[in-house]
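Worksheet: the structure to be examined is printed underneath.
In what follows, every chain begins at residue 1, and chains take the letters A, B, ... in the order their sequences are listed.
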Number of protein chains: 2
Amino acid sequence: MIQTEILCQSPIFRGITSDGLQELFSKIHYQVKSYQKNELITIGGEICDRLLIIQQGSVKAEMTDYSGKTIKIEDMMAPWPLATAFLFGKENRFPVTVSATSDVEMVSIPKPEFVKMLQLNALILNNYLNTISTRAQFLSQKLKFLSFKTIKQKIAHYLLEKAGDRLQTVEIQQSQGQLAEMFGVTRPSLARTLGEMCQEGLIETDRRYIKILDKVRMNQLLLG
Amino acid sequence: MIQTEILCQSPIFRGITSDGLQELFSKIHYQVKSYQKNELITIGGEICDRLLIIQQGSVKAEMTDYSGKTIKIEDMMAPWPLATAFLFGKENRFPVTVSATSDVEMVSIPKPEFVKMLQLNALILNNYLNTISTRAQFLSQKLKFLSFKTIKQKIAHYLLEKAGDRLQTVEIQQSQGQLAEMFGVTRPSLARTLGEMCQEGLIETDRRYIKILDKVRMNQLLLG
DNA sequence: TTAAAACTGTAACGAATGTTACAAACACAA
DNA sequence: TTGTGTTTGTAACATTCGTTACAGTTTTAA
């Protein structure tokens with residue numbers, strides 16, 4: 001049985017009332033499937049030709065490496081949608097194996113029916129476009145960040161981004177360790193590099209505050 | 001004046017006839033704007049609230065760094081759409097500055113009108129969803145690849161991916177130099193690493209053919 | 001066939017970063 | 001205040017990779 005009070009909390013159905021959703025679902029074909037704890041829901045590599053939304057319970061996503069071992073990627077719970085980025089595009093296969101971590105109910109909407117849904121309701125269309133666009137933008141940002149090779153460049157980019165056009169002093173909300181993890185480097189390496197940048201007169205550090213002394217040279221770091 | 005014979009070649013309008021497009025455009029509001037060579041079309045950071053499609057001519061996209069210098073990113077020509085990934089989602093700003101490299105005609109469709117278009121025609125909806133999904137998938141793949149730190153891991157991932165479940169011998173279509181560029185490393189480094197992997201008994205190389213000798217150990221490289 | 005260009009293998013060296021370890025500074029609660 | 005746990009600064013050493021250079025091989029084009 002479909003539970004629209006839960007589903008309308010899903011990012012895809014945001015802004016739609018439970019009743020509105022009820023009416024919308026009456027116009028399309030869909031299935032509600034139950035899975036017991038530990039049961040497989042999708043297998044990595046399987047064709048992804050339907051939108052799956054968790055209606056009840058929680059699941060985990062795992063990747064299988066070439067030797068057969070599995071690594072946990074993510075935990076998800078109701079009312080989250082699965083694999084929204086793989087329903088369309090060239091690679092229509094689930095990238096992960098999903099299994100139930102509790103008793104689970106999934107709403108399964110075949111792709112053509114979901115397309116119909118998108119055409120019926122402009123809000124859902126906007127929500128879905130926003131979901132995958134935001135994901136593409138996030139990945140794009142992450143990729144740009146990784147394109148900076150040295151730690152100095154990563155720090156410079158991070159600080160200039162945070163400082164914007166005017167500010168000179170930047171406050172770091174995280175600890176040095178968390179910042180290092182975000183940068184994908186080790187903490188001692190980050191500390192060493194910050195120390196070097198101080199010596200070079202690029203910045204001044206005071207606990208969690210970093211003052212940019214020379215924006216021009218900071219920029220030059222990002223070009224070479 | 002809109003030229004549907006050209007626009008129907010655009011990835012967004014693929015599969016639609018020129019006449020069909022003509023009728024579709026008669027139902028929405030849009031503009032056709034002309035730009036002279038070297039004229040600015042969009043400025044980086046500007047709000048992106050309309051879909052722009054090149055109808056005639058060619059443009060270049062440039063990024064501005066924090067010091068004001070510009071770096072060329074991409075060249076595009078008719079009938080390509082601009083910034084499809086930034087029309088929706090959280091970050092609705094053009095990431096790049098676009099200027100005309102020849103006399104140019106752009107078709108400008110306001111976002112609400114484009115949403116209307118998506119609802120009117122399932123083919124355009126599918127095309128657009130495919131465009132941004134494919135982009136997200138491409139970025140995701142690229143990011144996964146960059147997550148491998150050492151050259152050995154990158155080679156292992158590349159070979160295992162190419163070999164699939166069964167094959168043992170992989171043929172490289174590109175030259176070593178091109179492969180190195182794809183990996184984001186220098187050619188001598190790639191050659192050295194391939195040599196090391198041979199010595200370790202992981203692979204055998206013969207010109208452009210690489211034979212995988214030990215899949216199990218190759219996998220272990222990707223875990224640590 | 002032959003010359004030029006592109007490709008490949010290899011080596012020595014240096015720069016950037018990871019690894020490990022330890023001590024000082026700080027935050028917070030008993 | 002004191003003690004405990006967290007955060008930070010720093011150092012020595014190892015590893016990975018880039019840089020540069022050169023010689024041998026293969027491919028291409030004349």
query: Within a radius of less than 6.0 Å around NZ of K162(A), do more than 12 heavy atoms belonging to other residues, nucleotides or ligands occur?
result: yes

query: Quick one: the side chain of R187(A) and the base of dG9(D), do they pair up donor-acceptor inside 3.5 Å?
result: yes

task: Report the distance from atom CG of D206(B) to atom C1' of dC7(C), rounded to the nearest whole Å.
output: 15 Å

task: Would you mind reading off the distance between I172(B) atom CD1 and dC7(C) atom C1', rounded to a whole angstrom?
output: 14 Å

query: Does dG9(D) have OP1 or OP2 sitting under 4.0 Å from an N or O in the side chain of Q176(A)?
result: yes

task: Would you mind reading off the distance between L194(B) atom CG and dG9(C) atom P, rounded to a whole angstrom?
output: 8 Å

message: How many whole angstroms separate atom CZ of R192(B) from atom P of dT15(D)?
response: 14 Å

- prompt: Picking from dC17(D), dG18(C), dA21(C), which would you name as closest to the side chain of I151(A)?
  reply: dG18(C)

field: Length of the NZ-C1' vector between K154(B) and dG18(D), whole Å
entry: 13 Å

task: Would you indicate which nucleotide in dT8(D), dT10(C), dG18(D) comes nearest to any side-chain atom of R208(A)?
output: dT8(D)

- prompt: Within the structure shown, what part of the strands sits under 4.0 Å from S189(A) by heavy-atom distance: base, sugar-phosphate, or nothing?
  reply: base

query: Is the closest basic N to carboxylate O distance between E39(A) and K37(A) below 4.0 Å?
result: no

message: Tell me the interatomic distance from L190(B), atom CG, to dT10(C), atom C1', rounded to whole angstroms.
response: 14 Å

query: Below 4.0 angstrom from OP1 or OP2 of dT16(D), is there any side-chain N or O of T150(B)?
result: no

Rounded distance in Å - CD (E196(B)) to C1' (dA11(C)): 13 Å

query: Do other residues, nucleotides or ligands put more than 12 heavy atoms under 6.0 Å from the CZ atom of R135(A)?
result: no

query: Looking only at side-chain N and O atoms, does T186(B) come under 4.0 Å of OP1 or OP2 in dT19(D)?
result: no

query: Do E161(A) and K144(A) sit within salt-bridge range, that is, some charged N less than 4.0 Å from a carboxylate O?
result: no

- request: Could you tell me whether K152(B) and E200(B) have a side-chain N and a carboxylate O separated by less than 4.0 Å?
  value: yes

- prompt: Expressed in angstrom and rounded to an integer, what is the separation of I155(A) atom CD1 from dA16(C) atom P?
  reply: 13 Å

message: Applying a 4.0 Å non-hydrogen cut-off, can you work out what K149(B) is touching in the nucleic acid: base, sugar-phosphate, or nothing?
response: sugar-phosphate

